[in-house]
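In what follows, a structure is listed as structure tokens, so that the remarks can point back to it.
Chain letters run A, B, ... following the sequence lines, proteins first, then strands; residues in each count from 1.
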Amino acid sequence: MPQVPLHAVEARGVAKKIGKREVLRGFSISVERGSVHVLAGPNGAGKTTAIRIIMGLVRRDAGELRVLGADPESEEWGEVKLRIGYLPEEAQPYERLTGEEHVRLFASLYGRDEEEAIRRAAEISGLGEAMRARTATYSKGMKRRLMLALSLMHDPELAILDEPTGGLDVVSSYRIREVIRLMSSRGTTFLITTHDLQEAQQMANRVTFISKGLTVAEGKVEEVLRAYGARTLEEAYVRAVGFEE
Amino acid sequence: MRSRAVKAVLWRELLDLSRDIRVVLATILLPLVSLPTIALMSVVLYSTQSVSVIVELEEEAARDFAERLRASVEEKGRLLGVELSASLGSRSERADVYVTIPRGFSDNLSRLDGRAYVRVSRLVGSSAGDVAYNAVQLALSEESSRIVNERISRLSSLANVTVDPESFKNPLYVFTGYHAVTGAEVKEEVAAAALTARVLQLALLFVVYPAVVFMTDAVLGERERRTLEKLLSATRRREDLLLGKMIASALLGLLAAVADSAAVLIFFLLAGIGLGVSAPLALFWLLSALALIALSSAVAAIISSRSETVRAAQVQSVAVLSLAMLVYFASFAVDFTKLPVQVLALLYLIPFTHASLAVQWASTGGLLQALLHLLLLYASSALFLFLSFREFRSERLLLLRN
């Protein structure tokens, strides 16, 4: 029987150059199974590139990476990535399709039963009757909730959410955090990027700080707070990287 | 599982496009309605032009001739399908053509070797002037022929011989037929099919255009609307995603191509040009169109994978469309098979040429040559499809704008 790796994501010294710019210079992260792990850093720190490398959408130039026990650049990745739920930053739905039609599309891609997926997506998104309406009529928050539902409706082992609450109102952000809490309590591993460290502190039990493409701190939230003698993650982050942009 | 992913992407593309009613109207219904309407309107507008001819008489002795000419011009107007009025009058009245019969006309005409002069003046820069001029020319030519017949009769009675005026005037009579490239005689239907083939070669341009537009939007449009990354992350193989998009693009491209080509054929038929379609011609056109759609979609996918924006891709696509335009407009006016080898070799390097030649050969019975060009077209399409799948990489698609 194959051994289940302890870490859902294990990256060491990952580097990536885009054009002449070194976006990642030594990115490392260990996401424990069942944890809510926040990858925090300012805009332009390399969070999205790191996530895309983890998702196998972008190739790394150097470093070691295993996601659910597989290398995203290996042949087996096509199968493995369907066990992940990924919500890209600023991902948008198709304006001329209804919420339900989106669910049917992604259920087919993930190889899941469509009716069951619709039921799950409605539960996660809380969109109710609006699931039958075209997404052109949705508010920003409703669109984000639908996209989140599309990423979680197949009950993935690992959910990777890139700025899931970015730019949303209080109610929509709250609903999304509640979904994360609930699914985490059922065993789903979450890797979430954010530059909002107050939010990170509410959701996370583990955290990685990234600055200028480099991992500067990692561990349980309380460990990181203790290491930097801080009361909040915001304070710990500023102490770890200074005030540099 | 693989076919399920391709089907899902295809279903999404078709559903989305079917709800974009303006695109459907613009690409499929609009040409089908607009081209025949243009032809019909042209015919209607042409026939409702009011065209006028004035015959100016400078000597009373030529009145009979002038009356006959006037009546003949009006009759020719009916033949040409326009409202043409012809009257005896003067240049003080407005007309598209003035025919002046000068003094001395009757004298010159009455002599056996006399040459009578008629002055014709046409309105400059006017299509009504051109129509009136054609009617007058036809009428004068008929009058001239009638006068020759009279003179031949007079001469033959003076010489006391029997002469058939028509044989005397036209000792050579030409029977026109058609032959294939092999030299074998062919029926008139084949000639009509060959003409249709030339029109269909021109219509191949309408096959290339929608496929390029649909494919560019299917790739870059998705990226700009921020829907692509989620789709890439949920598709087991990126090839499935591209294949689904290509099939959707091909289906819509084919619909647009059939509609556009039908519209072009209707346009030519309404314009009074006799066309005919043979089974091999229809089959080879359809097979060429299918390969051409695959080729165009593949080229558009390569361009889209390497372009930063839809606008940039469209600009580059114009270069591809220009090549197609060059080939298909040229094929309407030039027989490629009669070009020097060096020129033909260059044209053979452009895959679009083989679609044109396959259709041309199929129309004249050169099925072996048609098949050969079709195979070359399919080989080019396969090569570009292979390249498009290689170029369609998520990293390239996601990072181009960074």
Side-chain angles (χ1 to χ4, degrees), chain A residues 16-19 21 23 44 48-49 51-60 72-73 75-82 84-98 101-102 104-112 114 134-136 143 146-148 150-151 153-154 156 160 162, chain B residues 1-24 217-245 248 305-306 308 389-390 392-402:
Chain A
K16 178 69 185 176
K17 217 172 176 181
I18 298 173
R21 196 173 144 238
V23 181
T48 296
T49 303
I51 291 294
R52 283 173 170 171
I53 288 173
I54 290 168
M55 273 309 294
L57 294 168
V58 170
R59 298 174 79 88
R60 63 187 185 273
E73 290 175 23
E75 284 293 312
E76 61 183 318
W77 183 247
E79 292 294 331
V80 176
K81 77 172 176 182
L82 298 186
I84 302 172
Y86 174 50
L87 175 65
E89 186 187 10
E90 294 177 14
Q92 293 295 314
Y94 298 100
E95 298 265 301
R96 282 184 285 270
L97 263 58
T98 66
E101 285 163 349
H102 277 82
R104 287 186 195 282
L105 167 68
F106 284 94
S108 293
L109 294 175
Y110 287 126
R112 298 299 167 109
E114 289 180 19
R134 289 194 193 180
T135 63
K143 283 180 182 171
L146 172 66
M147 295 311 292
L148 179 77
L150 296 176
S151 309
M153 68 186 189
H154 59 302
I160 300 178
D162 196 358
Chain B
M1 182 71 190
R2 176 165 199 165
S3 68
R4 192 176 171 184
V6 175
K7 261 194 259 177
V9 175
L10 174 62
W11 168 78
R12 207 288 307 166
E13 292 284 335
L14 294 178
L15 188 64
D16 198 32
L17 267 160
S18 69
R19 288 178 182 169
D20 195 352
I21 198 73
R22 277 178 300 181
V23 170
V24 176
D217 184 70
V219 177
L220 281 173
E222 278 231 29
R223 196 179 70 186
E224 292 200 346
R225 291 188 288 272
R226 296 191 174 275
T227 52
L228 186 62
E229 190 168 353
K230 175 75 189 146
L231 202 56
L232 279 166
S233 74
T235 315
R236 188 180 304 198
R237 298 176 197 85
R238 61 190 161 84
E239 293 89 344
D240 296 350
L241 179 56
L242 185 59
L243 190 62
K245 286 179 175 296
S305 301
R306 289 180 161 270
E308 292 192 17
F389 279 99
R390 232 182 53 164
F392 192 77
R393 287 204 295 265
S394 52
E395 174 157 347
R396 176 163 280 156
L397 292 163
L398 297 176
L399 295 183
L400 268 169
R401 275 193 300 187
N402 290 350

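- In terms of heavy-atom pairs under 4.5 angstrom with chain A, the leader among B:L241, B:T235, B:V9 is B:T235.
- For B:R225, the part lying under 4.5 angstrom from a heavy atom of chain A is the backbone only.
- Within the 4.5 angstrom heavy-atom criterion, no atom of A:I84 approaches chain B.
- One N or O on the side chain of A:R96 and one on the backbone of B:D16 form a donor-acceptor pair closer than 3.5 Å.
- You'll find the side chain of B:K245 reaches within 4.5 Å of the side chain of B:E222, heavy atoms only.
- Heavy-atom distances place the side chain of A:F106, and not its backbone, under 4.5 Å from chain B.
- For A:E95, no part lies under 4.5 angstrom from a heavy atom of chain B.
- For the pairing with B:K230, the side chain to side chain contact (heavy atoms under 4.5 Å, CB included) check across A:M147, A:H102, A:Q92 returns one residue only, A:M147.
- Applying the 6.0 Å contact sphere to CZ of A:R59 captures no more than 12 heavy atoms from other residues, nucleotides or ligands.
- Ranked by heavy-atom pairs under 4.5 Å with chain B, the first of A:H154, A:E101, A:E89 is A:E101.
- Contact count against chain A (heavy-atom pairs under 4.5 Å) is highest for B:D20 among B:L232, B:L15, B:D20.
- Under a 3.5 Å cut-off, the side chain of B:R223 and the backbone N or O of B:E308 do form a donor-acceptor pair.
- Top candidate by heavy-atom pairs under 4.5 Å with chain B, chosen from A:L150, A:V58, A:L87, is A:V58.
- B:D240 and B:R4 are not joined by a salt bridge, as no carboxylate oxygen comes within less than 4.0 angstrom of a charged side-chain nitrogen.
- What you find for A:Y86 and B:S233 is that their closest heavy atoms are CD2-CB, 3.3 Å.
- When heavy atoms are compared at a cutoff of 4.5 Å, B:L231 approaches chain A by way of both its backbone and its side chain.
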